[in-house]
Amino acid sequence: MAQSIETLPVIHVNDLRVGMMVHLGMSWLSHPFPRSSFRISTEKQLSTIRNLGIAEVHWDPANSLSVLTPEPDRHVADAAPQPADQLTPEHLQAEAAAAERRARLQAQRSALAASEKQFAEATRHYATVLDQLHRDPQAAAQGAEALTRGFADVMQAKDLCVRVLAGRDGDKLASHSVNVTILSMLMGHTFGWNDAEMMDLGMGALLHDIGKLELPSRLTKRLPSFTAAEARLYEEHVNYGVAQGRKMGLSEGALSILAEHHELGDHSGFPKGIGTNRMTAAARVVALINRYDNLCNPPNSTEQVTPHDAISRLFALGKDKFDVTIMAAFIKLMGVYPAGSTVQLTDKRYAMVMAVNSSPHSTRALKPQVLVYDPGVPRDEALLLDLETVRDLGILRGIKPHDLPEAARAYLQPRPRIRFAVEPLAEDEAA
């Protein structure tokens, strides 16, 4: 069992040597190093530590490469902060790096807060659409079109990023519909579909489950325990949805999604059992995305799989159930380890994928942004690590949340429900 930092011996900073494993014991915002716990590898790192204004650090002899050779009678005053007009270049560099990290952390928090707010607004807007559905179908259609137009406007950006958001119980139908809409329209963006095609895709994806409003609540999610009669009634939600969509005046392109989002390539789907070759392209996209989100966010949380496992399961079904071209594009778009996956890095650290660059021309889906478990850094001060910018570091394997060490699981906080957001990449990220 690893020794806790507090029980490790303390060493004066002037006694540090290259090769020692040290724990700085200070906020990650207060120093320029990627981690607060690391093995010193250069004299420059030594100099930087000695100019941080701290006198002592914890060190780990068992994981160090150097033998301690301290000089006696060191004094804390040796490492006292220098007056501002006597700061060394190394100290100034450390201060600048810490200031940059604080600015990046603030930008990271702001972007996440904006995405959370937008998703919440989208689900509220969707709930309003459903509320209007029966008493004023035309108003409901206008509301759905306005929401879809908002998503389409985001998709105008050349470079996009898929971000995972913290899941809440909330309105599961609204969250599922918004998730499916966001990812489906991202696929349309990848294929270069025009505005009319994107709007049909978005409207159909957003409203694909409206027929479930006609079902008893206990039948809105298909369960293995259903009787034959219950299964038939559940499948009727497709026809109910198409009928409601016609009252709303939806386009034929959008209606095809409502009618075909449960059809499958091997003719095992419903309600008509048509194959992939008779489905519209938009319906084939939504059929795949609908299945993906249901794997990530099942009715019973004990059946949830990680986004990485969901991709693996869809790939296993592959050519039999879904359009292989759309499947390949989806995997390329999301990466083998999509946002929300818990992983182990090649340096053995644990992490959670938080964002993936999903631009059509990008090859960086295998190098996502991750939140790394680091007990030396408070979680709310942790910066996302962009694996694209870190040499010789990547993802070793996916790992199920329940297989994470308890401390890592508490730190990374894998989502009990997963929500997705798409946002334009900043220019420096897209470069």
Side-chain angles (χ1 to χ4, degrees), residues 172-173 176-177 179-181 183-184 187-188 191 200-201 204-245 250 252-300 302-334 338:
K172 294 181 181 179
L173 177 58
H176 170 68
S177 298
N179 272 349
V180 171
T181 304
L183 296 183
S184 295
M187 288 289 288
F191 293 136
D200 280 351
L201 174 62
L206 186 67
L207 301 170
H208 74 278
D209 269 345
I210 58 173
K212 289 185 176 181
L213 296 179
E214 310 302 322
L215 301 179
S217 59
R218 67 183 181 84
L219 298 181
T220 56
K221 291 293 183 180
R222 190 169 204 158
L223 299 174
S225 59
F226 277 3
T227 65
E230 288 172 331
R232 285 193 298 272
L233 181 55
Y234 168 78
E235 292 180 1
E236 274 299 303
H237 82 265
V238 172
N239 293 324
Y240 293 151
V242 172
Q244 189 63 51
L250 301 185
E252 288 302 315
L255 286 172
S256 74
I257 295 172
L258 274 64
E260 301 170 3
H261 69 278
H262 280 296
E263 301 289 356
L264 295 170
D266 62 357
H267 303 274
S268 65
F270 63 87
K272 296 182 178 179
I274 63 176
T276 301
N277 59 336
R278 292 179 56 194
M279 296 169 65
T280 65
R284 280 177 268 155
V285 168
V286 175
L288 176 67
I289 304 300
N290 181 52
R291 179 61 175 152
Y292 175 76
D293 191 66
N294 281 330
L295 286 170
C296 294
N297 298 298
N300 186 344
T302 62
E303 299 173 356
Q304 182 186 36
V305 301
T306 66
H308 169 63
D309 285 340
I311 286 284
S312 299
R313 291 193 187 189
L314 292 176
F315 183 76
L317 295 172
K319 61 183 180 182
D320 293 330
K321 301 290 186 182
F322 302 106
D323 183 301
V324 292
T325 301
I326 291 174
M327 169 73 74
F330 183 62
I331 294 175
K332 181 179 179 181
L333 186 76
M334 301 294 285

- Check the pair Tyr240, Leu213 against side chain to side chain contact (heavy atoms under 4.5 Å, CB included), reporting the backbone distance first and the verdict last. CA-CA 9 Å; Tyr240 293 151; Leu213 296 179; over 6 Å; no
- Item | Heavy-atom closest pair, residues Ser268 and Lys321 | OG-NZ, 3.1 Å
- Message: Check whether Asp323 reaches the backbone of Ile326 with its side chain - one donor and one acceptor, N or O, closer than 3.5 Å.
- Response: yes
- Task: Output the distance between atom CZ (Arg291) and atom CD1 (Ile289), rounded to the nearest 0.5 Å.
- Result: 13.0 Å
- Message: Applying side chain to side chain contact (heavy atoms under 4.5 Å, CB included) to Asp293 and Leu183, what does each step give before you reach the verdict?
- Response: CA-CA 9 Å; Asp293 191 66; Leu183 296 183; 5.6 Å; no
- Query: Under 4.0 Å between a Lys/Arg side-chain N and an Asp/Glu carboxylate O for Glu230 and Arg218?
  - Reply: yes
- Rounded to the nearest 0.5 Å, how far does CD1 of Ile210 lie from NE2 of His208? 10.5 Å
- Step-by-step side chain to side chain contact (heavy atoms under 4.5 Å, CB included) determination, Asp200 to Thr280: CA-CA 11 Å; Asp200 280 351; Thr280 65; over 6 Å; no
- Nearest heavy-atom neighbours spanning Ala282 and Ile257: CB-CD1, 3.7 Å
- Task: Using atom types as modelled and distance alone, determine if a side-chain donor or acceptor of His176 lies under 3.5 Å from a backbone N or O of Leu173.
- Result: no
- Query: Which pair of heavy atoms, one from Leu258 and one from Gly245, lies closest together, and at what distance?
  - Reply: CD2-CA, 4.3 Å
- Verify, without hydrogens or angle tests, whether Gln304 (side chain) and Cys296 (backbone) share a donor-acceptor contact under 3.5 angstrom. yes
- Residues Glu260 and Lys272 bridged, charged N to O under 4.0 Å: no
- Query: Ring centroid separation for Tyr292 and Phe330, is it under 6.0 angstrom?
  - Reply: yes
- Task: Taking all heavy atoms of His237 and all of His261, pick out the closest pair and write down the distance.
- Result: NE2-NE2, 3.7 Å
- Gly265 to Thr276 - nearest heavy-atom pair and separation: CA-OG1, 2.9 Å
- Between Ser184 (side chain) and Thr181 (backbone), is there a donor-acceptor pair under 3.5 Å? no
- Message: Side chains of Pro299 and Thr220, heavy atoms from C-beta outward: is any pair under 4.5 Å?
- Response: no
- Task: Over all heavy atoms of both residues, which pair between His267 and Gly273 is shortest? Give the atoms and the distance, please.
- Result: ND1-O, 3.0 Å
- Item | Approximate separation, where rounding is to 0.5 Å, of Lys172 NZ and Asn179 CG | 13.5 Å
- Task: Kindly compute the distance separating NE2 (His262) from CE (Met279), expressed to the nearest 0.5 Å.
- Result: 10.5 Å
- Note on the structure: dist Tyr234:OH -> Lys212:NZ (nearest 0.5 Å) comes out at 4.0 Å
- Query: Do the side chains of Val180 and Asp209 get nearer than 4.5 Å, heavy atoms only?
  - Reply: no
- dist Thr227:OG1 -> Arg232:CZ (nearest 0.5 Å) comes out at 7.5 Å
- Item | N/O donor-acceptor pair under 3.5 Å between Asn294 side chain and Asn290 backbone | yes
